[in-house]
Amino acid sequence: MKIASIKIYFLFGFFFLGSLAVYGQRIEIDRLERDFKGSYSSRKSYELSQKMIQLDSTYYVGHFFEANYRYERASDKRGYESAIKSLVKALELLEKDFPRSLRRTTEIRAYIDRYQFQRKYVILIYFLSKSYENIDKPNEAIKVVRRLQKRDFVFNFGIIPYNNISWIYLRNRMYSPEKYEFLKPTIEENLEMASKYADSIKTSDKHNQWFLNTYWPDDANNALLSYYHYKNIIYSHQIKIDSAEYFSKQLEKYDRLSYNNYGNLQFIQAKFQEAEESYETARENDNYEEKSVKEFDYMQSAIKIFQNDMPSSKAIIEESIQNLGNAPGYGWNNIALSRSYYYSGDLKKSKEFRDKAANFKEIHVNSTWGEVAYDRNTLLFKYLYHKKSINEIKFRDQDYWYKPKKLYQISKHHFKQENAHLLLTSELSADPERFIGYYNLFASENNIFFDEIWELIKYFNSEYFINIFQKKLNEDERERVHKYFSYFIAQFYLEDGDYDKAIKEFESVLENEFLDETNEKLLIARIHEGLSKAYDEKDNTTSANDQLLAFYMNFPQLLPYSDLKMKFNLEVVNKTLTSGEEDIIEDLKDCNIEWVENDFNWPTLKINITEKEKKQVIVYQVEVANETKFEGRLDTENIENPGQILAFRAFGINLE
């Protein structure tokens, strides 16, 4: 008995000493946490987390630090998956060791003791749910949010479970229960669920309101403002403009309006000046610390294209890439740059950035723009690249048709264009959101714009779409969008060969009281292009020429890639030319341009070829009605086909 008693004492002693050691280690970890003053995303934070875990891997604090570090630094799927492991570990240990501290209490002294534990718990829940969202596991995200909901804390530190659930339904509305079990079978039902959860936000904190008013007055209206915010997003998506504007005004009263979302609301009404102002404000308020797609950059870049302000369109995105780097949003930024270069007339650069987007694994953080839209954008610009490359070959050499090499290049592009278009059209026809997105032309989830939508649907049934857009003209309340519906109707009439109806519709757009000559140059240019084609088919040469010149004046970069042939006067300043200089002129004249003589109704391309240090330099100027439209110099060293490059310069296209 004595030996057994001694063993028990020894075991108890070892256990006691072990407990003291663990207790001492946790005291040291708590001290390290108190003394830490840096950022969770810093390397110092990570090193501290590893030291804490080494001291006691069963204590939550080290894992809490590591989880914060990994979440803050995550920028791809692998990063968020790594963060999830640490977040789950920290949550499990916190729940295991401090169950009492994670219980609801309305007694203030008890709450003070539990405050830090509950604050950390909410942070971990929020980061974990967002991580699951970012790797497309919304089922798990909802389960995590429900864990917080069950705790029923008196204060959730700005995190409202109904917010997250409403957002998850909205973000995944286009899917079915086969993909995510919590969803309803249709988009309409999922939007209804998103709206119901948004309604629940408003009353979710009522039983805590006294405590919020008393102890957290700055946060007392969080639920109400979140309700306004999510209802605003949902109504914008449904194009219920009056309701969306109402909730925007409520948010503005409390200085909680998202200017990014408000810009989108203005954009879908074709109020581009107002949208730009909101996007500018959103940019000023954003420090780019949160790594996610900056919709305001992407959307304002598109508005700059509508204005034919291509330098600004590119500069906005280049600065966004500089601020974000390869973080989430990088792929979307490259799509935006691909678009900018496409409308600038530089197909090679457009392809370069489209390829970057296609090869980048984008994750869609804090945005309803998802993988389907991303893949469709990259496929769209693949299609447009091959389609317009055919036009570029024809523009560079109008005698392409009897040159086997050129014909082979055209056939390759044609084959790839048809494949891409087949994929696009099959996707579009199967897309349940095509009616609220693409067919409305401007919609909050639509990041493919009207000129590109036309390229998507132009080969479909004309009568079907004419009926759709005529119905929208009668029913859609967005007056500034009506001209776009009329433009599409005109384009389908043109495709059908009904030229009188096409002309009537095109001209009605030019007479529209809401037509904005500053912000809608792309639309205006496309109308003049269509009118020139229609008048040409009716053998009205004078009107066709007037419209062709107007097309050039509004958006000259489009012309080399169109089916129209621009006219220029050519004035070579040099009195005599060397054989090399003559080759440049012949190369220029072989381009698909109709050269006229002394007809100053058309632009004049003036060129002066000089030789400097045995290098040819071309100084050029394009004059229209005695005003300079383009001018510059072209150093021909290491440039193939300088005559062709010069032809593009006459349209404001600066190819390398």
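Not measured: the values here are computed from a predicted model.
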Inset, instruction - Tell me yes or no: between the side chains of Asn308 and Gln557, is some donor less than 3.5 Å from an acceptor? - result: yes
Legend entry - Close side-chain approach of Val622 to Thr628, heavy-atom, < 4.5 Å: no
Inset, instruction - Scan side-chain atoms only and decide if Arg396 and Gln644 contain a donor-acceptor pair under the 3.5 Å cut-off. - result: yes
Inset, instruction - Establish, from distance only, whether the side-chain atoms of Glu418 and Tyr383 form a donor-acceptor pair under 3.5 Å. - result: no
Legend entry - N-O pairing of Asp431 and Arg376 below 4.0 Å: yes
Inset, instruction - Scan for salt bridge (charged side-chain N to carboxylate O under 4.0 Å, His left out) pairs involving residues 267-279, sequence neighbours excluded, and state none if there are none. - result: Glu276-Lys304
Legend entry - pair Ile489-Phe465: side-chain heavy atoms closer than 4.5 Å: no
Inset, instruction - Mind running ring pair (Phe, Tyr, Trp, His ring centres under 6.0 Å) on Phe353 and Tyr341 for me, showing each step along the way? - result: CA-CA 9 Å; Phe353 289 106; Tyr341 277 101; 5.5 Å; yes
Legend entry - Neighbour count >12 (heavy atoms, 6.0 Å) for atom CG, Asn626: no
Legend entry - Output field: ring centroids Tyr438/Phe450 closer than 6.0 Å: no
Inset, instruction - Take atom NZ of Lys629 as the centre, draw a 6.0 Å sphere, and report whether it contains more than 12 heavy atoms from other residues, nucleotides or ligands. - result: yes
Inset, instruction - Tell me, yes or no, whether the heavy-atom count around Lys403 atom NZ, taken from other residues, nucleotides or ligands under 6.0 Å, exceeds 12. - result: yes
Inset, instruction - Verify the distance criterion only: is there a donor paired with an acceptor across the side chains of Gln273 and Asp516 at less than 3.5 Å? - result: no
Legend entry - Residue pair Phe648 / Pro560, side-chain heavy-atom distance below 4.5 Å: yes
Inset, instruction - Tell me, please, which residues at least two apart from Ser75 pass side-chain hydrogen bond (donor to acceptor under 3.5 Å, both in side chains). - result: none
Legend entry - Parallel, tilted or perpendicular: rings of Tyr487 and Phe506 (30°, 60°): tilted
Inset, instruction - Count the heavy atoms belonging to other residues, nucleotides or ligands that lie under 6.0 Å from NZ of Lys501, then report whether that count exceeds 12. - result: no
Inset, instruction - Please check if any side-chain donor atom of Glu295 sits under 3.5 Å from a side-chain acceptor atom of Ser367, or the reverse. - result: yes
Inset, instruction - Check the side chains of Glu280 and Gln300 for a donor-acceptor pair under 3.5 angstrom, ignoring hydrogens and angles. - result: yes
Inset, instruction - Check the side chains of Ser462 and Glu495 for a donor-acceptor pair under 3.5 angstrom, ignoring hydrogens and angles. - result: no
Legend entry - Between Lys351 and Ser338: side-chain donor-acceptor atoms closer than 3.5 Å: no
Legend entry - Worked check of salt bridge (Lys or Arg N to Asp or Glu O under 4.0 Å) between Asp563 and Lys533: CA-CA 9 Å; Asp563 298 327; Lys533 290 178 181 179; 3.8 Å; yes
Legend entry - Face-on cation placement of Lys294 at Tyr288 ring, 6.0 Å and 45° thresholds: yes
Legend entry - Enclosure of Lys388 NZ (heavy-atom neighbours >12, cutoff 6.0 Å): yes
Legend entry - Ser236-Ser444 side chain donor-acceptor pair, cut-off 3.5 Å: no
Legend entry - side-chain contact (heavy atoms from CB on, under 4.5 Å), paired with Gln547, selected from Leu531, Leu564, Asp536: Leu531
Inset, instruction - Specify whether Phe469 and Phe485 have parallel, tilted or perpendicular ring planes, treating 30° as the upper limit for parallel and 60° as the lower limit for perpendicular. - result: parallel
Inset, instruction - Count the heavy atoms belonging to other residues, nucleotides or ligands that lie under 6.0 Å from CD of Glu582, then report whether that count exceeds 12. - result: yes
Inset, instruction - May I ask you to check whether over 12 heavy atoms, not counting those of Lys77, lie within 6.0 Å of atom NZ? - result: no
Inset, instruction - Look at atom NZ of Lys458 and say whether more than 12 heavy atoms of other residues, nucleotides or ligands are closer to it than 6.0 Å. - result: yes
Inset, instruction - Could you tell me whether the side chains of Tyr374 and Asn447 share a donor-acceptor contact shorter than 3.5 Å? - result: no
Legend entry - Exercise: identify the closest heavy-atom pair between Ile653 and Asp346: CG2-N, 4.5 Å
